[in-house]
Amino acid sequence: GAGVSQSPSNKVTEKGKDVELRCDPISGHTALYWYRQSLGQGLEFLIYFQGNSAPDKSGLPSDRFSAERTGGSVSTLTIQRTQQEDSAVYLCASSLSSVGLAPKGEQFFGPGTRLTVL
Amino acid sequence: ELKVEQNPLFLSMQEGKNYTIYCNYSTTSDRLYWYRQDPGKSLESLFVLLSNGAVKQEGRLMASLDTKARLSTLHITAAVHDLSATYFCAVDLIQGAQKLVFGQGTRLTINP
């Protein structure tokens, strides 16, 4: 079946511009996660959505970052007034459940969006 | 705060040799994951370890988990070039959101 998809695959923007990154999770997956991978910081958790619960935003690095998930499916990560330090690969993942015994919430990752801020 | 440390961070080895990558974590958790990442690609799930003493094997890779020692190992047997990649371990907390905390990654290069 289809995996997690993300768009765009690459995004080049100028400092100060806003960007939107999109994630389509695996159908039926209730949990959705955003991570960031950069050379200096490795892989970092950003935000997590589970069903209709309030999202866990504890990993967002600043208030310029926000995310929403519409209809329990597609998610958009928005970065306002981008800075050069925002350059990274943004990875989205989804899983069947965040709690419980099966399938233990194994996360499946999308191909990522490579963001370059000039 | 949960911290996850891998070692070594870089590993260059010859085909046919055996080696082990170590993953230590700092707080209680019984869910540990191993991922593989090829250059320019996303993360591919390799193993999910869910209990103390869990051992899983796939081909030349074997992963184990010791929750008492807060240690997981990824053992490579008779390495082949195709296993060259970066390997990440990740841990999530027993309670709260399943936000994975990743190790730094181990870049494995296997030379013919």
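Order of the sequence lines fixes the chain letters, A, B, ..., with proteins taken first and strands second; residue numbering starts at 1 for each chain.
Apart from A:F108 itself, the hydrophobic cluster it occupies contains A:V4, A:I26, where clustering links Ile, Leu, Val, Met, Phe, Trp and Tyr at side-chain heavy-atom distances under 4.5 Å.
Residue A:L91 touches chain B through its side chain alone, counting heavy-atom pairs closer than 4.5 Å. For a residue to count as touching a neighbouring chain, one of its non-hydrogen atoms must lie under 4.5 Å from one of that chain's; by this rule A:Q37 touches chain B with the side chain only. For a residue to count as touching a neighbouring chain, one of its non-hydrogen atoms must lie under 4.5 Å from one of that chain's; by this rule A:S53 does not touch chain B.
Between the side chains of B:Q14 and B:Y19, no donor N or O sits under 3.5 Å from an acceptor N or O.
Note on ring orientation: taking the six-membered ring where Trp is involved, the planes of A:F109 and B:F102 are perpendicular (angle over 60°, cut-offs 30° and 60°).
Counting heavy-atom pairs under 4.5 Å between each of A:P111, A:A93, A:G42, A:G59 and chain B puts A:P111 at the top.
Remark: B:E15 engages B:V80, B:H81, B:I110, B:P112 in a side-chain contact (heavy atoms from CB on, under 4.5 Å) (not counting sequence neighbours).
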